[in-house]
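Notes follow the structure.
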Amino acid sequence: MEIIIQPTPDDACCIAARIIARQIQTKPDSVLGLATGSTPVLLYRELVRMHREEGLDFSRVTTFNLDEYIGLPPNHPQSYNRFMHENLFDGINIPRERIHIPDGVTNDIPGFCAKYEQDIVDAGGIDIQVLGIGTDGHVGFNEPSSSLASRTRIKTLTPRTLADNARFFDNPNAQPHHVITMGIGTIMESRRILMLAFGSNKAEAIAAAMEGPITSMMPASILQMHPSVHVLLDEEAAGKLERDYYYRWVFDNKPDWQKH
Ligand code: PGA
């Protein structure tokens, strides 16, 4: 795992955007796995800027989002479908048919999930998966106790995650308790993973996931088993790491050819 600690979320997102841009420039038909929530907003803003000002071309890119609330139609203000269009897709030249987001209003959830898995395989697999992390260590919406081999399926959110995300809903009764999420096994098959975490409320989960034991009680800890993970943190999210001096040392001593 490459843990990169930056002064601010902006700095971290610029590095993340450069990693994604290089991926797309090297392989124009790249498949990106994308996340929602507050964390990737600055990353998406930077990708939109790169598209507008530097001509970063998304015309052959395919995307798969991690998750969606069950019961929210695509145009619902709190749906992740709407979030993705407002924060990224409306600002870049990705063809609509290349965008995949779990369908929160499907009437066949198991059938939809099986097809989502197959669509990822048919697209050639995910080249880079963007991930945030929950304060309870979830990735996607794979809450603690999720099988580390799980596939795309329905999950029930924990009260803690519901409380963390309540800020997005004016009416707490309108907040769905169920989601469709890519599984941990699905996420682990991505060729590369880019995890982002910002703010002191993520520090405990980041330390446990990066430096603690691998356990389904801390789903993000499974990333220790992935061969190619970049973890981009601001100072606050890195605040509880014991080996932060080493991660900074590695970053400062990178050979030129390996710099981001
Ligand atoms: P956040 O959510 O980016 O809104 O903090 C992260 C997550 O739940 O994975």
Side-chain angles (χ1 to χ4, degrees), residues 6 8-10 12-13 16-17 32-47 64-70 72 77-84 86-88 101-102 104 126 128-146 148 150 152-153 155-170 172 175-184 186-188 190 193-210 216-223 226 229-240:
Q6 291 289 293
T8 67
D10 238 327
C13 285
L32 304 180
L34 298 176
T36 50
S38 317
T39 307
V41 168
L42 291 174
L43 164 65
Y44 296 154
R45 195 173 298 165
E46 177 62 6
L47 289 173
F64 287 90
N65 262 80
L66 283 168
D67 42 25
E68 180 59 284
Y69 286 111
I70 290 178
L72 300 193
Q78 269 75 45
S79 76
Y80 285 159
N81 195 310
R82 176 95 167 251
F83 172 98
M84 287 308 302
E86 286 176 357
N87 285 280
L88 181 65
I101 301 175
I126 293 172
I128 295 192
Q129 175 67 55
V130 176
L131 290 180
I133 184 171
T135 57
D136 61 1
H138 69 221
V139 286
F141 269 137
N142 294 283
E143 299 284 33
S145 81
S146 288
L148 297 178
S150 50
T152 303
R153 70 209 182 292
K155 280 298 288 182
T156 307
L157 299 177
T158 60
R160 180 170 178 172
T161 297
L162 288 171
D164 284 348
N165 288 348
R167 67 189 189 280
F168 296 114
F169 291 85
D170 295 337
Q175 187 177 10
H177 289 196
H178 295 100
V179 293
I180 292 175
T181 180
M182 268 190 216
I184 296 177
T186 322
I187 292 168
M188 287 294 284
S190 311
I193 290 180
L194 204 52
M195 169 167 272
L196 308 172
F198 308 128
S200 55
N201 62 330
K202 300 292 173 72
E204 212 162 300
I206 282 292
M210 305 295 120
S216 63
M217 293 302 123
M218 178 52 60
S221 63
I222 192 63
L223 299 185
H226 192 284
V229 181
H230 311 277
V231 183
L232 288 140
L233 307 173
D234 67 353
E235 289 288 349
E236 291 182 354
K240 295 208 163 149

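We're numbering straight along the sequence, starting at 1. Both counts, for ligands and for their atoms, begin at 1 and track the order of listing.
- Within 4.0 Å of ligand 1, the residues that place a heavy atom are G37, S38, T39, G132, I133, G134, H138, R167, K202, listed by chain and number.
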Can you give each donor-acceptor pair under 3.5 Å made by side-chain atoms of residues 33-43, sequence neighbours left out, with the distance rounded to 0.1 Å?
| from | atom 1 | to | atom 2 | distance (Å) |
| --- | --- | --- | --- | --- |
| S38 | OG | R167 | NH2 | 2.5 |

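- In plain terms, the two heavy atoms of I206 and M195 that are nearest each other are CD1-SD, 4.2 Å.
- Taking the side chain as every heavy atom from C-beta outward, T181 and R153 approach each other to under 4.5 Å.
- Take H226 and apply the ring-ring contact (aromatic ring centres under 6.0 Å, His included) test, not counting sequence neighbours, and it matches no residue.
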Could you walk me through whether Q129 and M182 pass the side chain to side chain contact (heavy atoms under 4.5 Å, CB included) test, one step at a time?
CA-CA 11 Å; Q129 175 67 55; M182 268 190 216; 3.8 Å; yes

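- With sequence neighbours left out, the ring-ring contact (aromatic ring centres under 6.0 Å, His included) criterion links F169 to Y69.
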